[in-house]
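Every chain is numbered from 1 and lettered A, B, ... according to where its sequence line falls, protein lines coming before strand lines.
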Amino acid sequence: MKCGVVSFPGSLDDADTVYALNHVLGVEGVPLWHKQRNLGEVDWILLPGGFSYGDYLRAGALARFAPVMDSVVEFAANGGLVMGLCNGFQILCEAGLLPGALVRNQSLLFVCDEVSIRVERSDTPFTNLCETGERLRLPIKHHDGCFVADESTLRRLEDNGQVLVRYVDADGETTAAANPNGSLNNIAGIVNEAGNVFGMMPHAEHACEDLLGGADGAKFFRSIETWLTKGGRA
Amino acid sequence: MQAKVYVTPKAGVLDPAGKATERGLHALGFEEVHDVRLGRYITMEVDGDPVEVTARLDDMCRQLLANGVIEDYRFELGESGSL
């Protein structure tokens with residue numbers, strides 16, 4: 001199994017992601033440079049966190065013009081699995097691969113914390129090893145993580161079951177106090193309508209082994225591997 | 001010619017930076033202030049005839065300078081140094 005990990009200028013979590021893939025998850029992490037158009041033989045693609053292109057203009061706004069993104073868009077259009085974490089989520093929204101946008105945290109503060117998220121669906125490529133309603137602990141570190149969308153887009157996301165994870169409290173409830181950034185409906189991560197592109201603010205790649213405080217993040221990676229190994233079935 | 005582009009948060013989109021600035025103004029005694037919205041102001045020199053430049057600027061705003069999900073934009077065109 002090979003996962004292409006894209007490095008943009010200003011990406012921070014690309015090396016950590018490749019480490020988690022290679023040394024913890026037993027998946028070959030293939031670094032992809034932002035200037036390359038050929039993705040090579042990768043089974044799925046991850047857009048890592050960081051501050052691509054300095055987050056100039058808007059978070060994620062400039063990364064979508066990198067040559068590699070043309071290939072990522074094509075890969076996704078052909079049904080390939082793409083996961084974007086943190087800045088990767090912002091890039092997917094700016095590139096139009098996911099609806100909505102991520103804006104400045106409501107608190108205006110950069111938030112570095114551990115949060116609880118609730119898995120809303122377990123019949124997807126990204127969450128098939130989780131239980132529906134399962135609560136996971138993952139780290140966050142972002143300044144622009146407040147998910148917004150217009151009313152009709154939000155309704156469509158909810159009606160289609162495109163919200164995969166939400167911020168919750170210890171009881172699994174979507175309270176305002178459990179929402180670290182002001183995201184609408186406590187949304188922490190969504191998929192596109194086709195279900196093959198997933199963006200999430202929390203850092204699954206930083207929670208793949210107990211030594212780092214928890215291994216809940218590994219469930220997303222192992223879900224993808226399981227999905228692809230089974231030829232795309234939950 | 002010179003273009004000035006104004007990008008502002010859409011009505012209804014939460015603008016926490018605007019809110020914080022408003023609180024700051026209130027703290028300084030400017031209590032008459034409300035609905036502060038923070039945006040972005042971009043200037044640029046553009047070559048071409050005005051009609052074409054207007055259309056091209058609109059494309060620039062839609063494709064990059066503003067994010068239509070969260071932001072509105074408007075722009076002014078004038079001779080270099082006139083705006």
Side-chain angles (χ1 to χ4, degrees), chain A residues 52-66 69-70 73 89-111 142-157 176 179-187 190 192 199, chain B residues 2-28 30-31 33-47 53-77 83:
Chain A
S52 56
Y53 299 90
D55 272 357
Y56 296 146
L57 198 60
R58 296 178 304 275
L62 300 178
R64 75 178 160 105
F65 297 104
M69 282 304 290
D70 292 337
V73 168
F89 185 12
Q90 295 162 342
I91 294 167
L92 289 172
C93 287
E94 282 284 346
L97 290 174
L98 288 175
L102 293 144
V103 299
R104 187 56 40 102
N105 296 342
Q106 215 165 13
S107 63
L108 292 177
L109 300 172
F110 186 97
V111 181
H142 60 245
H143 207 171
D144 298 277
C146 176
F147 180 81
V148 296
D150 61 50
E151 218 170 292
S152 66
T153 304
L154 188 64
R155 199 174 321 120
R156 211 168 53 241
L157 283 171
N179 188 339
N181 49 36
S183 290
L184 291 174
N185 296 6
N186 281 43
I187 290 172
I190 57 169
N192 63 343
Chain B
Q2 191 179 48
K4 292 187 169 186
V5 183
Y6 304 85
V7 182
T8 50
K10 264 187 197 303
V13 170
L14 200 73
D15 178 15
K19 278 267 174 286
T21 306
E22 184 174 315
R23 281 197 299 274
L25 288 168
H26 289 170
L28 288 170
F30 300 103
E31 279 113 10
V33 174
H34 52 91
D35 294 313
V36 176
R37 310 284 281 170
L38 254 60
R40 195 181 302 120
Y41 167 58
I42 304 159
T43 61
M44 61 178 89
E45 293 292 329
V46 195
D47 301 329
V53 166
T54 301
R56 300 273 292 168
L57 265 172
D58 201 60
D59 285 344
M60 290 181 215
C61 289
R62 282 189 292 103
Q63 290 177 34
L64 177 62
L65 302 180
N67 178 340
V69 177
I70 44 173
E71 295 167 330
D72 289 323
Y73 64 84
R74 66 183 176 83
F75 53 82
E76 297 162 6
L77 260 183
L83 289 172

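With sequence neighbours excluded, the residues satisfying side-chain contact (heavy atoms from CB on, under 4.5 Å) with B:L57 are B:A3, B:V5, B:M44, B:V53, B:M60, B:F75, B:L77.
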Compile a table of inter-chain donor-acceptor pairs under 3.5 Å between chain A and chain B, counting both main-chain and side-chain atoms.
unit_1	atom_1	unit_2	atom_2	d
A:L57	O	B:R40	NH2	3.0
A:R58	NH1	B:L64	O	2.9
A:R58	NH1	B:L65	O	3.2
A:R58	NH2	B:L64	O	2.9
A:R64	NH2	B:Q63	O	2.1
A:E94	OE2	B:N67	ND2	3.2

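In terms of heavy-atom pairs under 4.5 Å with chain B, the best-connected choice from A:V148, A:L57, A:L62 is A:L57. If you tally non-hydrogen atom pairs under 4.5 Å between each of B:A17, B:G12, B:P16 and chain A, the highest count goes to B:P16.
Along residues 96-103 of chain A, the residues that come nearer than 4.5 angstrom to chain B, judged on non-hydrogen atoms, are A:G100, A:A101, A:V103 in order of number.
In terms of heavy-atom proximity, B:A20 sits nearest to A:L108 at CB-CD1, 3.2 Å.
With rounding to the nearest 0.5 angstrom, the CG atom of B:L14 is 8.5 Å from the CG atom of A:L184.
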